Undergrad: 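Sending over a structure as structure tokens; questions will come in a sec.
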Amino acid sequence: MLPGRKCFMTLIVSAFLLTGAAFADSSVSMAFIGPGGNNGGGVYTYPYNFSINGGASTALICDAFDNEVVAGETWTANMSSLLDGNGLWGNQLTNYKEAGLIFEGILTGNINATTGNWAIWGLFSANARSNPFFQSSGAAGLDSLYLSPAMNAPDSAFNGLVLYTPISWQGSEPQEYIGYNPSYSAAEPDSLLLCGMAFAAIGAALFGKFRNPLVNA
């Protein structure tokens with residue numbers, strides 16, 4: 001392959017790889033195995049154990065207080081980056097970011113699982129916020145504590161955090177869940193900027209090629 005064409009193809013491949021990393025949504029089959037046993041305020045809290053696409057048990061955290069699921073229930077969900085804006089609450093990205101930081105705190109053992117789950121529910125549900133346990137558990141204070149970090153954290157702080165948003169089901173609408181998958185990266189401005197830079201480089205290469213008739217085809 002001639003040098004000019006090789007450079008051009010490299011730019012094309014780079015752009016598609018960047019785009020794929022940013023927007024790699026997929027449909028998955030969700031089978032609810034059952035809760036892990038933690039509870040507070042009369043309801044189960046993280047972990048919620050699932051088989052995804054028939055795989056081994058995976059622990060997820062629920063962010064939809066007002067919906068219900070039962071063990072053995074199955075549905076289809078859209079799996080997307082936490083910051084894609086494709087969740088049940090659309091572009092409430094600050095709330096999703098705060099939920100993501102709280103979930104990371106649970107995973108690292110810095111936040112109690114029950115308190116953290118109630119804090120996440122309180123971000124999206126007025127019914128959760130009005131529940132006495134939301135105050136007594138410390139969940140309300142946790143939401144206040146993590147608001148500023150959520151507003152100021154870089155997108156890279158949310159790499160690996162994914163949403164499982166129900167898109168097809170029978171009966172009542174299932175819950176939405178947050179999980180961790182290291183192959184997913186945040187797809188907000190940082191990734192979009194990289195994609196834009198890659199395509200700009202392609203444009204510049206093409207422009208230079210057409211302007212310089214000596215460049216090999």
Side-chain angles (χ1 to χ4, degrees), residues 18-30 32 43 45-46 48 50 52 58 60-69 73-107 116-131 134 139-140 142-196:
L18 286 167
T19 304
F23 304 107
D25 291 8
S26 60
S27 295
V28 296
S29 174
M30 308 282 290
F32 182 41
V43 295
T45 60
Y46 176 84
Y48 292 82
F50 283 86
I52 301 172
T58 300
L60 306 178
I61 193 165
C62 176
D63 68 9
F65 180 79
D66 299 319
N67 297 353
E68 295 183 3
V69 295
E73 188 174 355
T74 62
W75 63 89
T76 302
N78 181 58
M79 180 182 177
S80 64
S81 166
L82 183 71
L83 304 187
D84 271 0
N86 293 329
L88 290 179
W89 293 277
N91 288 321
Q92 292 187 30
L93 293 183
T94 298
N95 285 343
Y96 276 119
K97 286 181 176 182
E98 191 169 351
L101 292 180
I102 292 171
F103 182 47
E104 288 178 336
I106 294 172
L107 293 178
N117 207 152
W118 271 94
I120 290 174
W121 282 331
L123 294 170
F124 303 104
S125 169
N127 288 330
R129 292 192 296 272
S130 65
N131 189 296
F134 179 70
L142 202 59
D143 280 349
S144 298
L145 180 65
Y146 274 82
L147 177 58
S148 179
M151 295 176 66
N152 294 288
D155 291 339
S156 59
F158 306 94
N159 286 344
L161 294 177
V162 294
L163 281 178
Y164 297 88
T165 305
I167 55 176
S168 178
W169 61 88
Q170 294 182 347
S172 60
E173 182 176 359
Q175 297 165 322
E176 179 177 77
Y177 292 84
I178 300 172
Y180 181 78
N181 186 317
S183 67
Y184 270 67
S185 61
E188 281 303 288
D190 290 350
S191 296
L192 295 177
L193 177 61
L194 289 173
C195 292

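Quantities reported herein were computed from a predicted structural model and do not represent experimental measurements. Count residues from 1 along the sequence.
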Undergrad: Can you see which heavy atom on Ala64 is nearest to which on Glu176, and at what distance?
TA: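 Result for this residue pair: CB-N, 3.7 Å.
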Undergrad: As an exercise, state the distance from CD1 of Ile61 to OG1 of Thr45, rounded to the nearest 0.5 Å.
TA: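 The distance works out to 8.0 Å.
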Undergrad: Run the salt-bridge test on Lys97 and Asp155 with the 4.0 Å N-O cut-off and return the result as yes or no.
TA: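 Counted as a salt bridge, because a side-chain N and a carboxylate O are separated by less than 4.0 Å.
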Undergrad: With ring centroids as reference points, do Phe103 and Tyr180 lie under 6.0 angstrom apart?
TA: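 Phe103 vs Tyr180: aromatic centres not under 6.0 Å.
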Undergrad: Taking the six-membered ring for Trp, are Trp75 and Phe50 ring centroids under 6.0 Å apart?
TA: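 Ring centroids of Trp75 and Phe50 are less than 6.0 Å from each other.
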Undergrad: Would you please indicate if the ring centroids of Phe134 and Trp118 are separated by under 6.0 Å?
TA: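 Centroid distance Phe134-Trp118: not below 6.0 Å, so no.
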Undergrad: Pick from Leu145, Leu93, Leu123, Leu142: which one makes a side-chain contact (heavy atoms from CB on, under 4.5 Å) with Glu98?
TA: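 Going through Leu145, Leu93, Leu123, Leu142 one by one, the side-chain contact (heavy atoms from CB on, under 4.5 Å) with Glu98 is satisfied by Leu123 alone.
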Undergrad: Looking only at non-hydrogen atoms, find the nearest pair between Ala119 and Ile102 and report the distance.
TA: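 For Ala119 versus Ile102, the nearest heavy atoms are CB-CD1, 3.9 Å.
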Undergrad: Can the ring centroids of Tyr177 and Tyr48 be said to lie less than 6.0 angstrom from one another?
TA: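 Yes - the distance between ring centres of Tyr177 and Tyr48 falls below the 6.0 Å cut-off.
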Undergrad: Can you name the nearest heavy-atom pair linking Asn117 to Cys62, along with the distance?
TA: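 Smallest interatomic distance, heavy atoms only, reads ND2-O, 3.0 Å.
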Undergrad: What pairs with Asn181 under side chain to side chain contact (heavy atoms under 4.5 Å, CB included), at least two apart in sequence or on another chain?
TA: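 Checked Asn181 against side chain to side chain contact (heavy atoms under 4.5 Å, CB included); matches are Met79, Val162, Ser183, Tyr184.
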Undergrad: Sequence neighbours excluded, which residues qualify as side-chain hydrogen bond (donor to acceptor under 3.5 Å, both in side chains) partners of Glu104?
TA: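 For Glu104, no residue satisfies side-chain hydrogen bond (donor to acceptor under 3.5 Å, both in side chains) once neighbours in sequence are set aside.
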Undergrad: So how far is it from Thr165 OG1 to Leu163 CG, rounded to the nearest 0.5 Å?
TA: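 One gets 4.5 Å once the value is rounded to the nearest 0.5 Å.
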